[in-house]
Amino acid sequence: MDPWDENDAFEAAASAPVPLSQRALAARPKPYLDGLNPAQLEAVLTLEGPVLMLAGAGTGKTKALTARIVHLMREGRARANEILAVTFTNKAAREMKSRVEAMSGSEGGMPWMGTFHSLSVRILRRHAELAGLKPSFTILDTDDQLRLLKQLIQAANMDDKRWPPRMLAGLIDTWKNRAWTPEKVPSSEAGAYDNKGTELYAQYQERLRALNACDFGDLLLHCVTIFRAHPDVLAQYQRWFKYILVDEYQDTNVCQYLWLRLLAQGHQNICCVGDDDQSIYGWRGAEVGNILKFEKDFPGAKVIRLEQNYRSTPHILAAASGVIRGNADRLGKTLWTDVEEGEKVRLTGYWDGEEEARAIGEEIESLARGTRGRLPVGLNAQAILVRASHQMRAFEDRFLTIGLPYRVIGGPRFYERQEIRDAMAYFRLAVSPDDDLAFERVVNLPKRGLGDRATASIRTEARRISMSQHEGARSLVATGGIGGKGAGQLRQFVEGIDRWHAAVLGARPDTADQLIEPLLPDTPPATQSGHVRLAETILEESGYVSMWQNAEKDKNPEAEGRLENLKELVKALEQFDSLQGFLEHVALVMENDSEEAAEKVSIMTLHAAKGLEFPAVFLPGWEEGLFPSQRAMDEAGQKGIEEERRLAYVGITRAEELCYISFASNRRVYGQWQSQMASRFVDELPVADVEILTPPGLMGGGYGAAMGSFGSDIEARATKADVYNSPGWRRLQNNAGPRPATPRRTMTIDPEAGAGFEIGDRVFNQKFGYGRIIDIEVDTVEIAFEKAGVKHVKAGFVTPAKADDEIPF
DNA sequence: GTTCCAACATTTTTT
DNA sequence: ATGTTGGAAC
């Protein structure tokens, strides 16, 4: 039966007198409402019409959201599959799903809970023809997209160096985020990309259609276009989705906003949850404006504020609100908590980034040990949140040295690794041999003796017969259009694809239909493992596995790891019931969710930290130009500052009990030493809630200048005793171990900093490590260091090493 | 077709 | 500083 008809049937049933069982259900106790505060309760129980839940950090919005969903179902307002619940990330969707399941006790409900993109794919598969696609369309990854754009750029006789494909991809993405199809790009954008932007955009869309493919932006944009052009289709969905819930509404872009508004126009029951103070994705098209004008967009909307914070101590909340206060455009809320105790936020200035890393490593270990009369704070409970990923290196270096376990969150992702993408290209060919992008990727991988010339003639042949490159290659093989050693190998490749494709069809005859999911929960497909074996066969027969196995170890030290990754990939396949299902999952869920149990400190960007919380949070690098980032300020001016400030707010509010903010007055960025000013956000911290720590381990200061208006509150120079007693120095003893022989270098240091040293003194330098003074001239001190390459150092870099510090020679 | 060297860029990131 | 990429030399 067509699910739409079934929906009508259900509606008819719903308008009939409420059966006894329903009433009994309604009378049952509602444990899911227990423990909600009045505001949360209001957010759960306000069912009719548009609702904006303004939920500050740590105010229990997920709890309210899940309770609302459970309530809707328990009260018989809607069935699980009539509730559309949208999130941004797969992680958020997963989390909400499991919480709803836990709360309602039912499993596997909520078929329409997912990310904007995954939901859009499901809708788009049902109506692909309306967008000029077949239901079996593929979803391009960034790699494919860039290669495609590059081809177009070169075809337009443009210099792809001056006009990099990346830039065009960014431009097109921006346009799609604003819901502009090629015809709708306003003329004000005509100058973009050397006046060719719009034209290339149109060509790109044309190519995508020919390839039966979509990029990420298309998933949403096609939906919006279809909804607008086909009111009947839209009406079906409007009728179907009785309630709509949206998480992180402040991050929606124009296209997502339209998507939501179109769908919500039916029942008008849309509940958006968000926090204007946590909008940090403006640079990728998110419109804070969407949340600011919610009441205008949805007339009659109720705004409910969740302001009671259950996460952080009062000092942390005060610090966060002190910073965010500087922003002009805010809906305004005041977080409060009834917790009383808590330590002040700590602010520390360091000499440079390496000292910062060392001191933070110290503190992390000391917290983990539970010193200072505090209960131990496990490593999993601690996180370092940085503004830019290059800041991570200093911490990784340091933590590797002292053996402190850490995990970097949001690093290069599993499915973005080269070997995984290659293997996936083979799978894609097996599923749909016409996938030209996949074909191009692996046709000469492993090397099959097919170079530029051979691939070019395959492409030409394909175009001549208006078929895919797979067919083009077949035709060339048949006619002997390819000469030499490549011919036989190409034949094997073509035949291989045919064989694998036949195997895929054998395993699952109704390929395309399988991709269209029913609106109603289906009986789960019978699990079978043929596709796992097939995947292994493909990787072996293609020679891809042996390519890495035969790779010379010394030239490809990573080959072993790549083979491991391939094994992992095949293992991951087991959880799916077909190759195509797996491919779809990977296209949408580019993440490796291997959650390890081991105790490790987390290192991540502020962006990656949204939605997380940690008892102890370190926020390093609060320097003007780094945070707030120079680029954000240059490109977006005051708006940029405001977004950076929200980022600071997000960072501070991740902390439950301990928050450490720090900056360095000298930092090396891309190998260049830079003198830094403390971030303006440092000045915005309320003094009453911040404890300013004397920077330890320094001589030849320079803090006054770096400290901004805080300078007067901080002792500019550490005393020698500070140096000797600071924990940062003692910790290094544990680093004892064999060190390489070190060449001697001459180093010029500030006479003032050098004063008092004698030949034979052991010293420490932030950049070059431990050394021993071997000669002193009037303004030259010759020092032997463990690191080579020292030629000239500007000023005041040497500290005396403690007597029992490890000296390498 | 492969290897090597020079030029180049280098926030934030999801899907 | 460092990793990637494109072109020239092999």
Side-chain angles (χ1 to χ4, degrees), chain A residues 86-93 114-121 139-142 145-146 150 159-162 164-167 170 173 176-177 214-221 248 251-253 255-256 279-286 353 385-394 397 409-413 415-416 418 444-455 484-486 552 555 584-591 604-611 621 625-636 640 643-644 646-648 650-651 667-673 767 789:
Chain A
V86 197
T87 62
F88 274 84
T89 63
N90 292 296
K91 203 171 141 207
T115 62
F116 275 104
H117 292 84
S118 66
L119 296 171
S120 294
V121 172
I139 302 162
L140 291 198
D141 60 24
T142 325
Q145 195 189 358
L146 289 179
K150 195 171 164 190
D159 181 0
D160 62 3
K161 274 206 188 131
R162 230 175 92 73
R166 223 168 234 306
M167 188 175 154
D173 196 49
K176 285 184 177 172
N177 286 342
C214 269
D215 65 15
F216 283 115
D218 281 338
L219 297 177
L220 283 140
L221 185 49
E248 306 279 12
D251 288 334
T252 47
N253 59 38
C255 191
Q256 288 157 340
S279 167
I280 55 175
Y281 286 108
W283 49 271
R284 69 174 198 219
L385 313 182
V386 297
R387 174 64 183 85
S389 48
H390 65 70
Q391 289 171 264
M392 292 180 182
R393 196 188 303 163
D397 281 356
I409 297 190
R413 283 169 295 169
Y415 292 115
E416 277 172 12
Q418 185 194 331
N444 198 27
L445 201 96
K447 304 267 180 270
R448 294 192 175 87
L450 301 162
D452 283 348
R453 241 166 55 87
T455 45
K485 46 196 177 331
E552 287 175 56
K555 278 190 188 165
E584 172 120 351
H585 170 83
V586 171
L588 290 170
V589 190
M590 299 276 277
E591 63 184 57
M604 68 188 94
T605 62
L606 286 162
H607 286 89
K610 189 147 83 136
L626 180 58
F627 185 44
S629 122
Q630 192 59 49
R631 189 144 154 192
M633 293 190 286
D634 291 347
E635 284 174 8
E643 181 150 322
E644 297 286 297
R646 291 192 290 267
L647 215 38
V650 168
R667 190 180 291 278
R668 203 172 33 175
V669 181
Y670 299 131
Q672 309 291 317
W673 282 97
K767 189 174 176 185

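No experiment lies behind these values; they were computed from the predicted model shown.
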How far does NZ of A/K176 sit from CG of A/L219, to the nearest 0.5 angstrom?
9.0 Å
Please classify the nucleic acid contact of A/S629 as base, sugar-phosphate, or nothing, using heavy-atom distances under 4.0 Å.
base
Nucleotide B/dT13, atom P - distance to CG of A/D173 in whole Å
15 Å
Within this structure, what is the CD-to-P distance between A/Q256 and B/dT14, rounded to whole angstrom?
14 Å
Atom pairs under 3.5 Å: protein N/O with N/O of nucleotides 4-10 of chain C:
none

Got a sec, which residues hit ring-ring contact (aromatic ring centres under 6.0 Å, His included) with A/F88, two or more places apart in sequence or on another chain?
A/F116
Rounded to whole Å, please give me the gap between CG in A/L220 and C1' in B/dT14.
11 Å
Under the side chain to side chain donor-acceptor pair (under 3.5 Å) test, which residues partner A/S279, sequence neighbours left out?
none
Within the side chain of A/D215, is there an N or O that forms a donor-acceptor pair under 3.5 Å with the backbone of A/D218?
yes
note: A/I139, atom CD1; B/dT15, atom P; distance rounded to Å ~ 13 Å
Identify, between A/K447 and A/M604, the residue whose nearest nucleotide on DNA chain B lies closer to the 5' end.
A/K447
Given B/dT13, B/dT12, B/dT15, the nucleotide with the shortest approach to the side chain of A/R387:
B/dT12
Just to verify, what does A/E644 make a salt bridge (Lys or Arg N to Asp or Glu O under 4.0 Å) with, not counting sequence neighbours?
A/R387
Can you check the A/Q391 CD to B/dT10 C1' distance for me, whole Å?
14 Å
B/dT15 pyrimidine/purine six-ring stacking with A/F116, under 5.5 Å and 30°:
no
Between A/H117 and A/L647, the residue closer to the 5' end of DNA chain B by nearest nucleotide is A/L647
Gap between atoms CZ and P, on A/R166 and B/dT10 respectively (whole Å):
9 Å
Rounded to whole Å, how long is the line connecting atom CG of A/D215 with atom C1' of B/dT14?
13 Å
Do any side-chain nitrogens or oxygens of A/T605 fall under 4.0 Å of OP1 or OP2 in B/dT13?
yes
What does A/R393 touch in the nucleic acid at a heavy-atom separation under 4.0 angstrom: a base, only the sugar-phosphate, or nothing?
sugar-phosphate
Whole angstrom value for the distance that separates P of B/dT13 from CZ of A/R631:
13 Å
Residues which pass side chain to side chain donor-acceptor pair (under 3.5 Å) with A/D251, listed by chain and number, not counting sequence neighbours
A/K610
Does A/N90 make a side-chain N or O approach to OP1 or OP2 of B/dT14 shorter than 4.0 Å?
no
For A/R631, what residues pass the side-chain contact (heavy atoms from CB on, under 4.5 Å) criterion, not counting sequence neighbours?
A/S629, A/E635
